[in-house]
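Throughout, a chain's letter reflects where its sequence line sits, starting with A, and its residues are numbered from 1.
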Amino acid sequence: MPRPRNQVPDRFFLTTAIDYSNGDPHLGHALEKVGADCIARYRRLRGNDVHFLMGMDEHSQSVLQASANAGVTPQAWVDRLSTVFTDFWKRLGCSNDDWIRTTEPRHARAVTALLERIKERHPDHVFLAEYSGLYCTGCEEFKADAQIKDGHCIEHPTLELVPTKEPNHYFRLTAWRDPVLQKIENGEFLVEPAIRRNEVLSLLRSGLQDISISRVRLPWGIPFPDDPGQTVYVWFDALINYLAATGFPEAGYEKRWPADLHVVGKGITRFHCIIWPAMLLAAGLDLPRAVWAHGYVQWEGSKMSKTAGTAVSLESAIARHGPDALRYFLLREIGFENDGNFTWERLDVRYTDELANGYGNLASRVLAMIERYVGGIVPTGVADTPLDQEGNARVAAYGNAMDGNLIHEGAQEMWGLVSRANQFVEETAPWNLAKAKDTAGLDRALGALARALTRITLMIHPFIPGKAGEVWGGLGLPGTAADAKWGALENPPTGGGKVRKLTPLFPKPVS
RNA sequence: GGCAGGGUAGCUCAGGUGGUUAGAGCACGGCACUCAUAAUGCCGGGGUCGUGGGUUCGAGUCCCACCCCUGCUACCA
């Protein structure tokens with residue numbers, strides 16, 4: 001399959017879905033942010049000029065209602081949530097370059113400009129029509145089928161739903177079905193993984209309807225151009241954040257647009273893979289190169305969303321073993337493709353087994369042997385040991401996997417090298433070399449182990465940037481792991497650094 | 001209902017176009033080692049490959065039926 005995003009190797013504009021501000025962040029939000037951050041960090045390692053965007057979706061009826069329930073103004077409500085979200089993402093080590101909020105002026109400007117641009121190019125693609133639906137007087141909004149049970153609103157089963165019509169502005173989505181379909185089919189616009197691509201394709205093939213893009217009676221939104229009585233429907237509004245963050249419509253936005261990758265949840269592919277590209281085509285703008293739709297975090301096999309999400313708070317999940325451990329768990333156990341289960345037991349197992357006994361212990365034993373047997377200076381030497389050879393193969397396979405956003409497979413390659421490094425320790429038995437005063441043998445073995453640990457550290461850095469950074473320092477390497485480039489992974493620095501022993505990176509809880 | 005994906009060791013999963021004793025990691029049992037966070041390495045036990053038929057010299061791998069799970073099925077985001 002062609003990968004057009006690699007046509008521009010230097011620049012990489014990466015986004016996550018903007019989070020909906022109707023409640024506190026949970027593990028599901030965290031998976032997406034951490035996964036995208038892992039990709040962003042990997043891309044920097046690859047040498048791309050990464051621009052990483054995250055943000056908040058702050059309009060809509062639900063936000064208005066949530067703020068009313070809390071007894072505060074909508075603005076105060078979203079201000080607070082924006083802070084809560086950014087604090088969590090900072091604690092989890094997210095390296096986003098920008099944080100956009102749909103209540104910002106730069107966003108409203110872009111929404112208005114995009115609508116104007118569509119109307120200019122295709123005057124009949126934005127038009128007025130009647131929207132009819134079932135209106136709940138309790139919620140003061142139209143209800144979708146999924147929100148209706150036995151002919152009544154789920155929230156207000158005692159009230160009658162009122163069939164209502166209102167004039168809405170519509171977008172002629174149907175006109176763009178074939179162009180969007182074609183761009184997905186020919187690989188110009190990638191929808192990944194394949195299961196999501198198939199879903200989107202079948203949706204497109206089964207036909208589309210024009211969509212309503214405005215709402216009356218909803219003050220909490222962006223005013224619809226030339227129609228002060230209506231606001232822009234929240235989804236039409238929200239998608240444009242990716243473009244707004246490039247500075248659109250101001251000159252210079254083309255330096256960032258199009259996005260190279262939109263990371264989203266599997267539930268919102270039709271907005272990102274059908275409606276959004278249609279909007280862009282109508283406005284004569286380039287499509288993003290790719291959308292990656294990840295799965296969900298589940299709890300005991302069922303959805304962990306707003307309702308069930310209270311089972312595990314993000315706060316407690318971070319507190320268990322620290323932010324790096326949670327990042328690692330989400331990416332390793334849950335993965336970035338299928339759904340996965342969160343359980344405390346699995347979190348503990350991954351932590352103890354892979355981080356403490358695996359990576360942490362390897363770092364600990366390598367640094368200790370360098371300290372004890374060769375005076376704490378990393379030996380220089382020729383990278384021709386079996387461990388170096390294994391490293392070459394693992395690094396190459398890691399790169400292939402990570403290039404395709406298969407971060408789960410990337411992690412597997414990294415673990416393959418950890419395993420081989422531990423074997424290498426047993427094979428060379430440096431403690432015996434030391435007894436035999438075989439300094440050449442010690443240099444050769446410990447030099448190879450230092451190079452392997454350097455490679456492992458760089459490969460694991462996108463997953464656990466904090467702890468990997470500590471090991472980088474422990475190896476006495478120049479600069480930081482975050483600034484290191486691919487060359488350091490292919491040909492790790494050949495020694496000379498002064499090691500520094502570390503306190504255990506992943507202490508085991510005493511129990 | 002329709003479309004799509006899946007049901008393989010206790011757990012999480014690998015197993016292109018059918019072919020020697022079905023694999024990995026974790027968990028479990030034994031042995032070895034001591035540099036390391038009682039860590040690591042080696043060996044081993046453990047599976048009627050959802051069910052029932054069929055094609056074939058031979059099927060986890062193809063065909064049919066059935067059971068179960070998951071996702072999508074268009075304006076909650």
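- Applying the 4.0 Å criterion to OP1 and OP2 of C42(B), one finds that Q423(A) has a side-chain N or O inside that range.
- Per the geometry, CE belonging to M369(A) stands 9 Å off P belonging to C35(B), to the nearest Å.
- Among the heavy atoms of the strands, none lies under 4.0 Å from D348(A).
- Of the candidates U40(B), U37(B), U73(B), the closest approach to any side-chain atom of L203(A) belongs to U73(B).
- Summarising the geometry, the separation between OH on Y359(A) and P on A39(B) is reported as 19 Å, rounded to the nearest angstrom.
- Pair assignment for G47(B) gives none, since no Watson-Crick or G-U wobble pairing has each distance under 3.5 Å.
- In the set G71(B), U37(B), C35(B), the nucleotide with an atom closest to the side chain of L505(A) is U37(B).
- Nucleotide A74(B) holds its P atom 12 Å from the OH atom of Y131(A), rounded to whole Å.
- Using modelled atom types and a 3.5 Å distance limit, the side chains of D348(A) and H321(A) yield a donor-acceptor pair.
- Listed pair R372(A) / C35(B) meets the phosphate criterion, a side-chain N or O lying under 4.0 Å from OP1 or OP2.
- Rounded to whole angstrom, the span from the CH2 atom of W431(A) across to the C1' atom of A39(B) amounts to 11 Å.
- With a cut-off of 3.5 Å on both pairing distances, the Watson-Crick or G-U wobble partner of U70(B) is A4(B).
- One interatomic measurement links the two molecules: CG of N432(A) to P of C33(B), which rounds to 10 Å at whole-angstrom precision.
- Not less than 6.0 angstrom separates the ring centroid of H125(A) from the ring centroid of Y170(A).
- Going from atom CD of E337(A) over to atom P of C13(B) covers 12 Å, rounded to whole Å.
- Side-chain atoms of D79(A) and Q75(A) form a donor-acceptor pair, as typed in the model, at a separation below 3.5 Å.
- One interatomic measurement links the two molecules: CG of N361(A) to P of U34(B), which rounds to 16 Å at whole-angstrom precision.
- When both distances must be under 3.5 Å, the Watson-Crick or G-U wobble mate of C42(B) is G30(B).
- Of the side-chain N and O atoms in K266(A), none sit less than 4.0 angstrom from OP1 or OP2 of U70(B).
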S60(A) and Y20(A): CA distance, side-chain angles, deciding distance, side-chain contact (heavy atoms from CB on, under 4.5 Å) verdict: CA-CA 9 Å; S60(A) 95; Y20(A) 193 45; 2.4 Å; yes
Identify all pairs in which a protein N or O lies below 3.5 Å from an N or O of nucleotides 2-8 of chain B, and state each distance.
none

Set out, line by line, the N/O atom pairs under 3.5 Å between protein and nucleotides 26-28 of chain B.
unit_1, atom_1, unit_2, atom_2, d
C26(B), O3', D353(A), OD1, 3.2
A27(B), OP1, D353(A), OD1, 3.1

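- Here L326(A) contributes atom CG and I464(A) contributes atom CD1; the two are 12.5 Å apart, rounded to the nearest 0.5 Å.
- G295(A) comes within contact range of no nucleotide atom at all, as no heavy-atom separation falls under 4.0 Å.
- Among the heavy atoms of the strands, none lies under 4.0 Å from N338(A).
- Within the 4.0 angstrom heavy-atom criterion, no nucleotide atom of any strand lies near G340(A).
- Of the charged side-chain nitrogens involved, none lies within less than 4.0 Å of a carboxylate oxygen, so that D57(A) and R101(A) do not count as a salt-bridged pair.
- Pair assignment for A22(B) gives none, since no Watson-Crick or G-U wobble pairing has each distance under 3.5 Å.
- At most 12 non-hydrogen atoms from other residues, nucleotides or ligands lie less than 6.0 angstrom from CD of E345(A).
- Between Y373(A) and C35(B) there is a side-chain N or O to OP1 or OP2 distance below 4.0 Å.
- Nucleic acid contact class of R350(A) (heavy atoms, under 4.0 Å, all strands): none.
- Between the side chains of T102(A) and H107(A), no donor-acceptor pair of N or O atoms lies under 3.5 Å.
- In this entry the distance linking CG of D339(A) with P of C72(B) reads 9 Å, nearest Å.
- Residues of residues 231-244 of chain A having a heavy atom closer than 4.0 Å to RNA chain B, listed by number: Y233(A), V234(A), W235(A).
- Taking the six-membered ring for Trp, H59(A) and W235(A) have ring centres at least 6.0 Å apart.
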